[in-house]
Amino acid sequence: MTGWHIGIIGGSGLYDVAGVEDGRWVEVATPWGPPSDAIFTGRVGAARVSFLPRHGRGHRISPDALNARANIDALKRLGVTDVLAVSSVGSLVEERPPGSFTIVDQFIDRTKGRVSSFFGTGCVVHVSMADPVCPRLSALVADAAGAGVDRGGTYLAMEGPQFSTRAESLLYRQWGCHVIGMTAMPEAKLAREAELPYALVGMVTDYDCWREDEAAVDVTQVLAQLSANAAKARSMVLALLRGLPAEREASPIDTCLDAAIITAKSARDPALVAKLDAVAGRALA
């Protein structure tokens with residue numbers, strides 16, 4: 001057993017965490033390049049917390065240009081044990097209106113051209129993504145979010161930065177998706193490769209453009225909902241941190257690489273292994 005160190009990756013509308021004691025911004029260098037920004041780290045009660053603004057302060061990084069490998073590596077390098085992602089999303093179902101929160105439990109990845117793994121030639125690894133989020137952390141987040149939260153839902157990860165066409169939006173509804181966003185992939189995959197239990201809260205800002213009798217979503221509409229969602233998200237994060245169990249029980253995700261590395265130790269690329277010191281050093285030793 002060990003203590004909690006929650007990494008918060010804040011998306012559109014959530015650019016800070018209130019109530020952090022002894023907080024300070026720290027710069028973290030990674031072998032994958034710079035993360036989106038410095039990381040604000042401190043304590044809330046007994047829990048450590050490290051907050052990373054996904055798009056950088058001022059929202060300067062486009063979703064298709066995020067260095068997700070550097071972001072996850074930086075959090076792992078700081079000693080984060082679990083990751084909560086907070087992201088703005090569009091709704092693909094009538095029952096999840098703007099202002100509602102979805103605790104995502106599945107993903108469909110429609111991104112393209114993004115580097116989606118820490119591993120590759122010289123160190124081949126196949127992690128399971130059948131159940132892509134941590135059920136324990138997701139349940140704790142749902143409890144902290146309170147009434148009106150939707151527990152479970154499928155997130156369609158699109159490339160962006162453009163919004164969907166109507167045909168795409170209607171197709172994703174046929175696939176059974178509930179919300180749509182631009183940032184959860186490859187973030188969730190990389191968190192699993194880094195043995196970090198991951199949960200995602202989707203903050204609904206709009207109905208996607210499947211409602212053919214209404215105007216298509218635009219940035220003005222999204223921004224109008226962001227501030228209300230952000231206030232609710234800050235309360236949720238504080239409730240989560242203050243309500244964590246005193247001790248963090250070990251998770252199977254903490255050691256998921258033990259059953260995922262396929263390259264023989266003698267055949268591994270030393271240069272790649274060196275870059276993996278924070279992400280997979282435990283499993284590759």
Side-chain angles (χ1 to χ4, degrees), residues 6-12 14 30 32 35-36 50-55 61 63-76 80-90 92 101-120 125-142 150-160 172 175-204 233 237 240 251-257 259-260 278-280:
I6 304 294
I8 311 288
I9 304 179
S12 304
L14 184 65
T30 87
W32 314 98
S36 294
S50 291
F51 174 79
L52 174 64
R54 184 187 284 111
H55 298 278
I61 306 174
D64 56 311
L66 292 169
N67 189 341
R69 289 193 297 182
N71 289 346
I72 295 297
D73 180 285
L75 292 175
K76 183 80 172 185
V80 161
T81 59
D82 302 79
V83 172
L84 169 62
V86 184
S87 303
S88 292
V89 296
L92 291 167
F101 283 15
T102 290
I103 311 299
V104 172
D105 62 359
Q106 283 294 334
F107 300 96
I108 294 178
D109 188 358
R110 292 278 291 170
T111 63
K112 52 190 177 183
R114 304 183 186 187
V115 181
S116 62
S117 179
F118 289 108
F119 303 97
V125 168
H126 302 288
V127 296
S128 172
M129 289 296 292
D131 299 300
V133 303
C134 171
R136 175 180 64 179
L137 184 60
S138 295
L140 290 168
V141 174
D150 290 296
R151 296 178 181 244
T154 297
Y155 177 122
L156 189 290
M158 63 180 293
E159 180 69 12
Y172 301 151
W175 287 355
C177 299
H178 300 90
V179 295
I180 181 168
M182 302 179 186
T183 57
M185 288 292 173
E187 186 177 272
K189 292 176 178 177
L190 295 167
R192 179 58 56 90
E193 288 189 338
E195 300 185 320
L196 288 172
Y198 179 91
L200 187 145
V201 179
M203 307 183 297
V204 178
V237 168
L240 168 69
S251 164
I253 297 169
D254 298 343
T255 55
C256 68
L257 289 179
V279 167

* To do: Look only at the side chain of Lys76 and the backbone of Ala278, and say whether a donor-acceptor pair between them is shorter than 3.5 Å.
  => no
* Structure fact -> Looking only at heavy atoms, the pair that brings Ala233 and Val86 closest together is CB-CG1, 4.3 Å
* Out of curiosity, Thr154 OG1 to Ile180 CD1, how far, rounded to the nearest 0.5 Å? -> 12.5 Å
* **Side chains of Leu200 and Phe107 in contact at under 4.5 Å (non-hydrogen atoms)** => yes
* **Note, Ile6 side chain near Val80 side chain (heavy atom, < 4.5 Å)** => no
* Do the non-hydrogen side-chain atoms of Trp175 and Leu156 ever get within less than 4.5 Å of each other? -> yes
* Asked: How about Asp150 and Phe101: do any of their side-chain heavy atoms sit closer than 4.5 Å?
  -> no
* Tyr155: what forms a side-chain hydrogen bond (donor to acceptor under 3.5 Å, both in side chains) with it, not counting sequence neighbours? -> none
* Spacing of Met185 atom CE and Ile108 atom CD1 [to the nearest 0.5 Å] -> 10.0 Å
* Asked: Rounded to the nearest 0.5 Å, how far does CG of Leu196 lie from CD1 of Ile253?
  -> 9.5 Å
* **Within-4.5 Å side-chain heavy-atom neighbours: Ile9 and Leu75** => yes
* Structure fact -> Smallest heavy-atom separation, Leu66 atom then Ser36 atom, equals CD2-OG, 3.8 Å
* Judged by atom type as modelled, is there a donor-acceptor pair below 3.5 Å linking the side chain of Arg192 to the main-chain atoms of Asp131? -> yes
* To do: Verify, without hydrogens or angle tests, whether Arg114 (side chain) and Glu159 (backbone) share a donor-acceptor contact under 3.5 angstrom.
  => yes
* Calculate, to the nearest 0.5 Å, the distance between atoms CG and CD belonging to Leu257 and Glu195 respectively. => 4.0 Å
* **Donor-acceptor contact below 3.5 Å, side chain Asp105 vs main chain Arg151** => no
* Would you say the side chain of Leu240 lies within less than 4.5 Å of the side chain of Leu84, judging by non-hydrogen atoms? -> yes
* Can you name the residues that form a side chain to side chain contact (heavy atoms under 4.5 Å, CB included) with Ser117, not counting sequence neighbours? -> Phe119, Glu193
* Please name all residues satisfying side-chain hydrogen bond (donor to acceptor under 3.5 Å, both in side chains) with Asp109, sequence neighbours left out, ordered by chain then number. => Thr111, Lys189
* Give, for atom OH of Tyr172 and atom CG of Leu92, the distance between the pair rounded to the nearest 0.5 Å. => 9.0 Å
* Check for a donor-acceptor pair, side chain of His126 on one end and backbone N or O of Ala260 on the other, with a separation under 3.5 Å. => no
* **Shortest non-hydrogen contact from Pro132 toward Gln106** => CD-NE2, 3.5 Å
* **Which atom of Ile72 lies closest to which atom of Ala194, heavy atoms considered** => CG2-CB, 3.7 Å
* To do: Please tell me if the side chains of Val201 and Val104 come closer than 4.5 Å, counting only heavy atoms from C-beta onward.
  => no
* Heavy-atom closest pair, residues His178 and Gly153 -> ND1-CA, 3.5 Å
* In chain order, what residues pass the side-chain hydrogen bond (donor to acceptor under 3.5 Å, both in side chains) check against Glu187, with sequence neighbours excluded? -> Arg54, Tyr198
* Asked: Is the closest side-chain heavy-atom distance between Pro186 and Val115 below 4.5 Å?
  -> no
* Tell me, please, which residues at least two apart from Arg110 pass salt bridge (Lys or Arg N to Asp or Glu O under 4.0 Å). => none
* **Gap between atom CG of Asn71 and atom OG1 of Thr183 - 0.5 Å precision** => 10.5 Å
* Sequence neighbours excluded, which residues qualify as side-chain hydrogen bond (donor to acceptor under 3.5 Å, both in side chains) partners of Asp64? -> Ser62
